[in-house]
Asker: 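Before we start, here is the structure in question, set down as structure tokens.
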Number of protein chains: 2
Amino acid sequence: MERITLSDVAEAADVHVSTASRALNEASRSVVKPATVERVLAAAERLGYRPHPLARGLRTSRSLSVGVVIPDLQNPLFGPIIAGIEQSLAPEGYSVLITSARPGEKEAVENLVDRRVDGLILATAQRSDQVIERLAEQKTPTVLVNRHVESVDVPSVVGDDHLGTRLAVDHLVEMGHTTIGHIAGPAHLSTGLARRQAFEQTMHDYGYRVLIEDADGFQVAPGEQATGRLLEREPGITAIVAANDLIGLGAYRTVRSLGRTVGTDVAITGYNDVAMLDLMEPPMTAVRVNFRRMGQMAADTLLARLDGRSVDPIILLEPTLSIRASTKGG
Amino acid sequence: MERITLSDVAEAADVHVSTASRALNEASRSVVKPATVERVLAAAERLGYRPHPLARGLRTSRSLSVGVVIPDLQNPLFGPIIAGIEQSLAPEGYSVLITSARPGEKEAVENLVDRRVDGLILATAQRSDQVIERLAEQKTPTVLVNRHVESVDVPSVVGDDHLGTRLAVDHLVEMGHTTIGHIAGPAHLSTGLARRQAFEQTMHDYGYRVLIEDADGFQVAPGEQATGRLLEREPGITAIVAANDLIGLGAYRTVRSLGRTVGTDVAITGYNDVAMLDLMEPPMTAVRVNFRRMGQMAADTLLARLDGRSVDPIILLEPTLSIRASTKGG
DNA sequence: GGACCTTATGCAAACGATTGTAGTGCGCTA
DNA sequence: TAGCGCACTACAATCGTTTGCATAAGGTCC
């Protein structure tokens with residue numbers, strides 16, 4: 001099955017290839033006689049013509065594709081983000097090139113830039129990041145998602161960590177808790193830091209003591225260990241705000257191993273609300289971040305930048321709170 | 001920052017662009033004088049030349065990219081699959097175009113074919129599928145992952161459902177169970193059917209009764225309902241083999257709501273072993289499918305096809321069994 | 001020392017589109 | 001009827017590569 005090219009269409013419509021091109025392109029269509037447009041369109045339709053994106057891209061130096069760099073594709077967070085990105089981009093004719101940052105973020109980005117993507121969406125930024133600075137210098141349209149970089153003005157789409165943390169604390173306070181601890185995530189990641197600061201501030205506003213212990217990572221085991229340290233130091237704690245869900249599940253384990261019950265003895269909140277949290281025992285209350293929506297907004301922001309429209313440097317996504325048994329005292 | 005093109009390199013090395021091209025391409029390098037190769041390579045290095053994939057693709061009609069179609073990016077299964085695909089393809093210089101089958105599988109595939117991907121990996125196949133048949137006719141290199149289509153000979157990489165199901169049943173029998181039920185997945189998906197048949201066969205081999213109830217989908221709620229029907233019909237059941245993890249978790253719910261205990265009263269096994277199953281209460285025994293590896297194998301198979309090498313029509317991935325408390329009787 | 005092969009390079013045509021510019025034919029005006 | 005503008009379309013260059021073919025220089029053979 002041979003591919004139909006523009007000149008096939010032109011020949012069939014008995015016009016020059018350039019005329020065919022103009023007839024097919026919305027923008028330039030106005031300069032060609034309506035009757036001719038009709039003929040070209042009919043021929044294209046009849047032959048089943050599909051434009052060749054590579055050839056077009058070569059000429060127009062636009063590939064109609066965007067690159068997405070993900071630190072760890074295994075992380076269930078990124079599925080929804082990618083889904084959201086895809087959903088926003090596909091209708092505009094853009095394709096999505098996915099790359100893992102595995103060998104290295106720099107290599108991943110270089111590879112995508114080599115491929116002449118029109119823009120980039122990065123989910124990998126550390127709080128400061130040379131790769132992103134370079135990208136900003138070269139004026140490569142870039143949007144960050146779920147991370148914020150302070151040093152350069154690349155727009156980022158992030159959850160409102162301050163609001164989210166406050167939702168969790170407010171809820172716990174409402175349930176009668178006053179001695180509330182926080183298991184913080186790594187401070188070199190923007191979400192780790194932001195949630196920690198938000199916790200400090202909120203507790204300060206309430207006039208309660210600020211009790212924090214750092215987990216070495218956003219994983220179950222570090223959460224388990226950090227919770228152990230915190231409860232040993234401050235046995236009076238009745239509620240724990242975890243910096244993410246996995247840390248929260250680690251806290252579950254520690255609380256249990258101390259012979260206490262999650263929900264009644266110690267309330268625990270997670271953050272992100274990944275799938276299956278409602279299936280835990282007890283189901284875990286968590287700040288819910290709509291990652292699909294986050295992906296959509298990142299894609300929309302990138303589209304705006306590609307259009308030359310100016311965009312807010314930081315787009316906040318409002319989280320909600322999914323209240324479940326882990327904070328309801330059985 | 002202007003892009004460096006091949007003719008820049010050629011000029012710098014004081015050779016014709018065609019010579020530069022030959023010097024840079026492994027395959028044709030042998031025809032150009034070693035000293036010249038040296039000069040060209042040096043110039044390319046010095047200028048930081050990066051070839052333009054679109055231009056190359058236009059000429060060679062290879063895009064060095066493959067398309068991946070995923071039915072539902074939200075499903076945590078696909079993260080690891082994509083990770084595996086990416087891991088195998090990236091070192092070979094291929095990029096991965098991800099598309100959701102959301103608007104429609106046909107549209108997704110057409111879009112990718114328009115973009116001139118060199119090959120396709122589909123995770124979306126129903127048991128019979130016209131889109132795939134068309135692809136096979138057009139000889140577009142295609143590999144299926146986690147699904148098998150009977151009607152055409154497109155290679156598929158799938159978990160060995162027969163083995164996996166047998167692992168689960170064997171384990172349950174070993175634990176002393178004889179009255180074992182199966183909650184089957186939808187029969188129009190190959191995994192649903194295969195696991196059901198494997199269960200029938202295995203139970204038949206053991207000489208036990210075959211007790212099966214169909215769930216309307218691979219989700220928690222259908223699993224919960226189907227388990228309810230099964231236990232009502234056959235109250236003597238002491239163990240349940242679920243067609244996937246979520247169905248298994250649905251079974252958890254039903255068992256609990258009947259006032260019985262998972263693990264001691266009724267053993268339950270899941271299938272796939274998605275993340276966080278070990279964090280359930282009780283942790284769930286499940287047949288573990290290595291989806292990352294599955295993605296890798298799909299990518300490797302596609303690479304083989306692209307190389308013109310012939311490949312097995314069906315590649316089986318051996319599952320293992322992750323034994324946890326849900327089958328250990330507390 | 002001319003025919004001939006080998007080796008290394010240059011030339012130019014592709015690949016399939018887009019787009020600035022030139023040209024054609026027509027009707028209109030003076 | 002010559003001149004002009006207008007509407008339309010054709011020509012050709014271009015994007016950055018790859019690649020068949022021509023060409024040039026140098027070496028070998030008889």
Side-chain angles (χ1 to χ4, degrees), chain A residues 1-41 43-44 47-65 93 95 113-118, chain B residues 1-41 43-44 47-65 93 95 113-118:
Chain A
M1 199 199 74
E2 274 309 300
R3 278 259 153 217
I4 306 295
T5 80
L6 186 55
S7 57
D8 294 332
V9 175
E11 196 172 342
D14 201 35
V15 293
H16 192 263
V17 45
S18 64
T19 306
S21 170
R22 279 186 257 261
L24 289 173
N25 277 30
E26 278 290 0
S28 50
R29 185 168 300 167
S30 55
V31 307
V32 28
K33 183 160 63 176
T36 311
V37 171
E38 201 57 42
R39 225 167 55 243
V40 172
L41 255 37
L47 298 178
Y49 168 69
R50 326 279 321 225
H52 193 317
L54 273 61
R56 169 181 295 167
L58 183 58
R59 181 63 228 252
T60 60
S61 62
R62 298 193 355 157
S63 59
L64 278 184
S65 67
S95 286
V113 171
D114 283 352
R115 278 208 129 79
R116 306 300 198 276
V117 293
D118 295 332
Chain B
M1 200 196 75
E2 274 309 301
R3 277 260 152 217
I4 306 295
T5 77
L6 185 57
S7 56
D8 295 331
V9 174
E11 197 171 343
D14 201 35
V15 293
H16 192 263
V17 44
S18 63
T19 307
S21 170
R22 279 186 262 259
L24 289 174
N25 278 31
E26 278 291 359
S28 51
R29 184 168 299 166
S30 56
V31 307
V32 29
K33 184 160 62 175
T36 312
V37 171
E38 201 57 42
R39 225 166 55 241
V40 172
L41 255 38
L47 298 179
Y49 168 70
R50 327 279 322 224
H52 194 317
L54 273 62
R56 169 179 296 167
L58 182 57
R59 182 62 228 251
T60 60
S61 64
R62 300 195 355 160
S63 59
L64 278 183
S65 66
S95 286
V113 171
D114 282 351
R115 277 208 129 79
R116 306 301 198 275
V117 293
D118 296 332

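To find a chain, count down the sequence lines: A is the first, B the second, and so on, and within it residues start at 1.
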Asker: Using a 3.5 Å distance criterion without hydrogens, assess whether the side chain of Arg22(A) forms a donor-acceptor pair with backbone atoms of Val32(A).
Answerer: no
Asker: Counting side-chain heavy atoms from CB outward, which of dG16(C), dG10(C), dT17(D) is closest to Tyr49(B)?
Answerer: dT17(D)
Asker: Are Thr60(A) and dC15(D) close enough that a side-chain N or O sits under 4.0 Å from OP1 or OP2?
Answerer: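 Answer is no, no contact under 4.0 Å.
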Asker: Find the distance Arg22(B):CZ to dT17(D):P and express it as a whole number of Å.
Answerer: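 After rounding, the gap between these two atoms is 15 Å.
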Asker: Can you see if the side chain of Arg56(A) gets near the phosphate of dG16(C) - specifically, an N or O under 4.0 Å from OP1 or OP2?
Answerer: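 Looking at the OP1 and OP2 atoms of dG16(C), neither is under 4.0 Å from any side-chain N or O of Arg56(A).
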Asker: Give the rounded distance in Å between these two atoms: CG of Leu58(A) and P of dT14(D).
Answerer: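 These atoms are roughly 13 Å apart.
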Asker: In whole angstrom, what separates Arg29(A)'s CZ from dT19(C)'s C1'?
Answerer: 17 Å
Asker: From CG of Leu6(B) over to C1' of dC15(D), roughly how many Å is that when rounded to an integer?
Answerer: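 Between C1' of dC15(D) and CG of Leu6(B): 13 Å.
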Asker: Please give me the minimum heavy-atom distance between Asp14(A) and Arg39(A), naming the atom from each residue.
Answerer: O-NH2, 3.9 Å
Asker: Using atom CG of Asp14(A) as one end and atom P of dC8(D) as the other, report the distance to the nearest whole Å.
Answerer: 18 Å
Asker: Can you tell me the distance, in whole Å, between the NZ atom of Lys33(B) and the P atom of dA24(D)?
Answerer: 17 Å
Asker: Heavy-atom nearest nucleotide on DNA chain C for Val15(B) versus His52(A): which residue maps closer to 5'?
Answerer: Val15(B)
Asker: Give the nucleotide from the list dG16(D), dC11(D), dT19(D) with an atom nearest to the side chain of Ser18(A).
Answerer: dC11(D)
Asker: With a 4.0 Å cutoff (strictly under), does any side-chain N or O of Thr19(B) reach OP1 or OP2 of dG10(C)?
Answerer: yes
Asker: Does Asp118(B) use its side chain to pair, donor to acceptor, with the backbone of Leu64(B) at less than 3.5 Å?
Answerer: yes
Asker: Specify the closest pair of heavy atoms between Ala23(A) and Val37(A), including all atoms of both residues, with the distance to one decimal.
Answerer: CB-CA, 4.1 Å
Asker: Would you indicate, yes or no, if dC11(C) has its OP1 or OP2 atom less than 4.0 angstrom from a side-chain nitrogen or oxygen of His16(B)?
Answerer: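 Indeed, a polar side-chain atom of His16(B) lies that close.
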Asker: Could you state the CG-C1' distance from Asp8(A) to dA17(C), rounded to the nearest angstrom?
Answerer: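 Computing the Asp8(A):CG to dA17(C):C1' distance gives 13 Å.
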Asker: Is the phosphate of dT19(D) approached by Ser28(B) (side-chain N or O, under 4.0 Å from OP1 or OP2)?
Answerer: no
Asker: With a 4.0 Å cut-off on heavy atoms, is Pro51(B) in touch with a base, just the backbone sugar-phosphate, or nothing at all?
Answerer: sugar-phosphate
Asker: Considering only side-chain heavy atoms of Val17(A), which listed nucleotide, dT18(C), dG16(C), dT9(C), is closest?
Answerer: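 Closest nucleotide to the Val17(A) side chain: dT18(C).
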Asker: Verify, without hydrogens or angle tests, whether Arg116(B) (side chain) and Ser63(B) (backbone) share a donor-acceptor contact under 3.5 angstrom.
Answerer: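 Checked: no pair found.
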Asker: Do you know which two heavy atoms are closest between Ser21(A) and Leu6(A), and how far apart they sit?
Answerer: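 Closest heavy-atom pair between Ser21(A) and Leu6(A): CB-CD2, 3.7 Å.
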Asker: Look at all strands and tell whether Arg50(B) reaches a base, only sugar-phosphate, or nothing, counting heavy atoms closer than 4.0 Å.
Answerer: sugar-phosphate
Asker: Check this one for me: any side-chain N or O of Ser21(A) less than 4.0 Å away from OP1 or OP2 of dT18(C)?
Answerer: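 So the side chain of Ser21(A) is within the cut-off, an N or O lying under 4.0 Å from OP1 or OP2 of dT18(C).
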Asker: Measure the distance from CG on Leu54(B) to C1' on dA14(C) and round it to the nearest whole Å.
Answerer: 17 Å
Asker: Just checking Thr36(B): base, sugar-phosphate only, or nothing, at a heavy-atom cut-off of under 4.0 Å?
Answerer: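 Sugar-phosphate, no base atom in range.
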